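Notes to accompany the following structure.
The sequence lines fix the lettering, A, B, ..., with proteins before strands; numbering per chain opens at 1. Remember, predicted model here, so these are calculated numbers, not experimental data.
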Amino acid sequence: MSEFSSFLLGTTIKCIVVIAVLIGAVAYTTWLERKVVAHLQIRWGPSRVGWHGLLQPIADVLKLLLKEDMTPGQASKFLYVLAPLIAFVPAALSITVIPFGNVAHFGSQTVRFQITDLNVGILFIFAVTSVGVYGVALGGWASNNKYSLMGGLRSSAQMISYELSLGLSVVSVLLVTGTLSLGQIVDLQGGRWFGIIPKWNIFVFPLFISFFTYFVSAIAETNRLPFDLPEAENELVAGFHTEYSSMKFGMFFLTEYINMITVSAIATTLFFGGWHGPTFGPLWLRGILPLFWFVSKIVAFLLFYIWTRGTLPRFRYDQLMAFGWKFLVPLSLANVVLTSLVVAWRA
Amino acid sequence: MQTIVFFIFAFIAVAAAINMLVQKHPIHSALSLIVVMAMLSIFYVMLYAEFLAVVQVIVYAGAIMVLFVFVIMLLNPREESHRTRQNRFLLVAGVPLGLCLMAEIVILLRRAPLGENETGRQLVGTTEAVGRVLFTDYLLPFEFISVLILIAILGAVVLTKREL
Amino acid sequence: METMRFNLESGQVESTAGKAETMILSMGPQHPSTHGVLRVVLELDGETVIKASPDIGYLHTGMEKLSETKTYAQVLPITDRTDYLAPMSNNLGYIMAVEKLCGLQNEIPLRAQYVRVIMVELNRIASHLVWLGTHAMDIGAMTVFLYCFREREQILNFFEAACGGRLTTSYFRVGGLPSEIPPDLVPRIQKFIKEFPGRVDEYETLLTKNPIWLRRTQGVGTISAQNAVAIGLSGPSLRATGVDYDIRKKEPYCGYEKFEFRVPTRTEGDVYARYLCRVEELRQSQKIVQQALDGLPGGPIRADCPKYVLPDRNKMKTEMETLIHHYKIITEGIHPPVGEVYHAIEAPKGELGYYLVSDGGPKPLRMHIRGPSFVNLQALATMCEGRLVADVVAVIGSLDIVLGEIDR
Amino acid sequence: MVTIPPPLENNSTVKRFVEKFGDALQEVVYFQGETTLVVEKGRILEFCQFARGDDALQFDSLADLTGVDRMPGEPRFEVNYHLLCLSRAERLRLKVRISEKDGKVTSVTSVWPTANWHEREVFDLFGIVFENHPNLRRILCPDEWNGHPLRKDYPMLGYEEAAPSPEPPTKRGWYSTLSD
């Protein structure tokens with residue numbers, strides 16, 4: 001087998017596995033969210049379909065698939081169909097450069113738990129997610145509904161605004177690590193200081209500020225409470241996806257949760273040492289454990305997401321913009337300067 | 001292999017560009033332009049300039065075109081009527097300008113060294129190379145442009161806040 | 001492009017030429033945050049509201065007309081269905097109006113009055129809980145809603161124990177109560193009332209000092225005291241502007257003068273002030289219920305007034321005259337004297353007035369409900385002008401309207 | 001001169017009105033602790049302005065405004081104004097009687113803006129026209145509704161036509177966006 005075709009085969013397998021796992025993860029993220037929010041709100045959540053409602057996500061998917069797929073009469077048909085795809089594809093693409101685990105050895109095969117390690121990995125994610133805005137904006141516009149339009153407008157403004165602070169907060173990490181490759185960023189976070197504190201970026205001096213700005217902007221980017229204005233159901237009915245039904249709605253839904261997972265994965269990679277964590281046991285366990293650590297860190301972030309959703313009220317649109325431009329952007333700018341100074345002083 | 005890929009994407013790029021001109025609704029034109037941008041970024045990747053490719057998408061597709069689409073959605077114009085198409089001024093000014101542009105491209109292409117440039121591969125498009133060039137040889141223009149953009153931003157702020 | 005647009009207030013067709021292009025957004029009648037079937041026609045410039053015109057009547061069921069064809073006793077179940085979040089208050093308002101019409105104001109036994117106060121104040125708590133939950137939900141805080149409903153559920157259970165109905169209680173009767181309250185009800189309410197302040201603290205932890213909540217509510221939907229009075233606001237919405245008018249204090253009825261409670265007022269007149277006033281009312285109502293339970297007297301539950309009030313059942317079996325009265329009331333209904341009365345009580349949402357005209361017959365000539373929501377909703381346009389769409393939702397929530405009462 | 005029922009003889013509010021208006025006060029009724037002043041129809045606006053503006057009265061709030069159809073009595077309609085003085089916690093009812101033929105009364109929205117919706121409601125349900133009302137449209141019934149449901153002669157069963165009533169052309173159309 002030539003080098004190229006083995007690469008092609010390996011990557012294809014990885015892609016399929018990752019996408020399948022991702023969609024499964026999304027399904028169970030929705031379950032997790034419903035269950036956790038329910039318990040926050042002193043109710044049971046899904047409990048009928050399967051043990052503790054564990055089959056609920058499957059039932060939901062079936063329901064979405066079997067629902068009538070409607071297109072509003074006055075909608076711009078082509079864009080209306082295209083929009084969920086535009087939203088979904090970038091969301092799924094951005095997972096490709098994230099390292100899930102260490103290099104593992106299965107017999108003679110060496111597997112790297114990452115689809116591809118681009119040398120501009122983090123920028124690639126930004127590039128891809130920045131295209132995702134179109135899905136929401138066009139979906140809102142093409143539905144030919146005033147609520148949708150307002151949702152679409154809100155979301156495009158919101159996403160552009162928060163992308164800025166998102167990008168700036170990552171810059172500090174890049175300054176410290178000196179690379180754009182996510183694989184290398186994770187590799188650099190291995191080991192411990194004084195034998196106890198893991199060498200995660202979050203513990204490097206000014207980077208907790210960037211983590212803060214990153215995570216806040218990331219919540220805004222993923223349109224989650226308290227920043228879920230594009231779909232604010234109490235003002236805009238359902239925002240940009242008011243008119244969407246069936247699997248087209250399902251795509252938007254998937255996108256939202258994939259984005260949540262991606263954002264958590266990036267946060268883990270950039271600040272929390274990625275897949276690093278204590279490994280022990282036989283060789284196969286050593287291969288699997290990093291994956292486990294990575295997933296648990298993501299789940300921790302997801303739980304945080306859900307927790308905020310259960311706790312906080314929603315911002316108003318102008319307050320959201322003011323918060324982004326007047327607080328987060330200056331803060332992350334100042335943080336970049338601070339980090340540069342620290343890095344320069346250390347060098 | 002590369003050539004095939006190139007031609008596929010080149011075809012898409014040209015088709016999208018033509019589509020951009022032909023489409024009557026501004027939002028369709030804008031979307032076609034985004035497709036062109038995306039194709040350009042693929043060409044950058046093929047030229048081993050990943051950084052440029054990614055920046056192309058982030059800046060043009062992810063930011064500038066979003067604003068375009070935003071404005072188009074906000075104004076919500078109807079389909080363009082044929083009136084502007086028949087504007088004689090466009091014919092008079094457009095054809096010579098187009099010819100000029102064509103000539104420029106031809107001249108540039110003739111001057112450019114054809115064939116693969118192995119040394120250029122590693123140096124041109126990577127993050128490090130771009131950074132190094134920007135902050136050494138082209139530092140002055142780079143700073144000038146930053147100041148220019150800053151002025152533009154200030155101007156925009158002043159224009160929008162005029163009523164205050 | 002010159003566009004002509006119908007002006008909702010002046011009724012004139014106006015040209016929009018030379019003005020910023022606006023968008024008309026028909027918010028409702030199917031909308032998650034209009035608390036039923038309210039429709040607000042918003043004229044928007046971007047997201048800024050230029051004009052908000054409430055459009056009501058989607059739930060108009062002709063209750064006032066219906067009442068004219070029913071006897072005084074039969075009208076009672078209709079009153080439940082106006083403000084279905086405060087059926088007890090509506091029952092009380094109507095029953096007190098009938099009692100006033102019959103001249104029974106001073107005949108009601110103390111025990112009945114106390115039970116009335118307990119029920120009505122519990123109902124105030126229940127109504128405010130729904131308001132708090134939905135209001136918080138409108139602003140995006142979803143958990144408060146379920147917490148509030150947990151307590152409301154208990155109150156509805158008390159209602160069920162007392163009268164068999166949870167939402168449509170039809171509880172009070174002219175002259176007192178239909179029946180004695182179940183013996184275990186008082187300790188149950190006692191227990192609930194003891195826990196309740198802690199529960200209010202719980203809601204407040206989620207909202208009162210939450211910076212996002214403050215930003216969403218402070219300075220939003222402001223109305224001055226003068227405007228509020230002119231526009232007819234009543235209840236907590238009025239008191240949030242600084243006008244200290246609570247009918248329970250100023251025109252005491254049903255023995256409210258015997259209870260010690262504070263009428264919370266604020267001066268800001270914004271959404272947050274209305275929020276604080278109502279939350280404080282939750283605590284004050286708890287106090288009133290506590291006092292009423294502690295001082296619940298024994299004795300009869302119905303006035304001894306054979307012309308208007310059903311007699312005791314045992315007496316009916318032994319006394320001929322009582323039997324005749326019973327027969328008359330059951331078959332014909334009561335015949336109040338000719339005249340008209342307007343009786344206002346402090347419902348959870350504000351002044352709830354019942355206007356009754358009697359022509360001496362068994363059916364009211366006219367029954368009119370002065371619903372607080374109907375009048376309070378008029379303030380919406382003033383409060384929303386120049387604000388954002390999200391504020392409209394906050395303001396509607398803070399006005400605490402129930403469409404059943406607005407449209408009647 | 002109007003006769004004042006005994007319980008109200010020393011009532012300062014009633015006195016004030018009697019002093020000011022004298023003959024325009026058609027009747028003073030006292031029933032179950034409530035005072036009703038029946039007012040000459042044409043002067044209701046004056047009454048209301050006085051009730052609100054006078055320092056001794058200060059009826060700063062209009063709690064309720066509603067109509068009554070006393071068919072077959074004559075004059076057929078009544079409009080009741082339930083005034084409330086917030087500082088003294090005093091209530092007062094003003095009443096005007098309107099004959100069916102006339103069917104008109106001056107709007108008091110200029111005195112109490114809250115009368116706006118109340119008057120619209122009375123117009124909608126009784127067909128009494130309030131002159132100088134800023135926006136006299138139906139409020140509860142749909143714009144194109146026929147008849148006025150709270151009138152006693154409004155058909156209660158079947159599909160009979162409601163009696164036509166004098167009313168201004170109903171303003172219709174929430175959208176009515178006439179392009180170009």
Residue of the set C/I345, C/T82, C/I78 for which side chain to side chain contact (heavy atoms under 4.5 Å, CB included) holds with C/N90: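 By the side chain to side chain contact (heavy atoms under 4.5 Å, CB included) criterion, C/N90 pairs with just one of C/I345, C/T82, C/I78: C/T82.
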Backbone N/O of C/P336 and side chain of C/S358: donor-acceptor pair under 3.5 Å: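 Pair found, side chain donor or acceptor close to backbone of C/P336.
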Exam field: side chain D/Q32 to backbone C/L101, donor-acceptor pair closer than 3.5 Å: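 Flag set: sc D/Q32 to bb C/L101 pair under 3.5 Å.
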So which residue, [options], ends up with the most heavy-atom pairs under 4.5 Å with chain C?
{"options": "D/T36, D/L86, D/V111", "value": "D/L86"}
{"options": "D/C141, D/G67, D/S87", "value": "D/G67"}
{"options": "D/L62, D/L84, D/D124", "value": "D/L84"}
{"options": "D/A63, D/P142, D/A115", "value": "D/A63"}
{"options": "D/L125, D/D60, D/I139, D/L65", "value": "D/I139"}
{"options": "D/T66, D/V29, D/N80", "value": "D/T66"}

Thinking salt bridges, do [X] and [Y] make one under a 4.0 Å N-O criterion?
{"X": "C/E251", "Y": "D/R91", "value": "yes"}
{"X": "D/K95", "Y": "D/E78", "value": "yes"}
{"X": "D/K20", "Y": "D/D54", "value": "no"}

Listed partners of C/Y253 passing ring-ring contact (aromatic ring centres under 6.0 Å, His included), at least two apart: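 Counting only residues at least two positions away or on another chain, C/Y253 forms a ring-ring contact (aromatic ring centres under 6.0 Å, His included) with C/Y256.
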Those residues that, when tested against C/Y355, pass ring-ring contact (aromatic ring centres under 6.0 Å, His included) (two or more places apart): D/H82
Per-residue contacts, residues 224-233 of chain C versus chain D, heavy atoms under 4.5 Å: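 So far as heavy atoms go, C/V229, C/A230, C/I231, C/G232 are the residues that approach chain D to under 4.5 Å.
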Residue list, salt bridge (Lys or Arg N to Asp or Glu O under 4.0 Å) with C/R408, at least two apart or on another chain: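 With sequence neighbours excluded, C/R408 shows a salt bridge (Lys or Arg N to Asp or Glu O under 4.0 Å) to C/E64, D/E121, given in chain and number order.
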Proximal component of D/E34, with respect to chain C [non-hydrogen, under 4.5 Å]: side chain
Identified side chain to side chain donor-acceptor pair (under 3.5 Å) partner of D/D69 from the options D/R151, D/R76, D/K152: D/R76
Part of C/E351 within contact of chain D (heavy atom distance under 4.5 Å):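 For C/E351, the side chain is the part near chain D, not the backbone.
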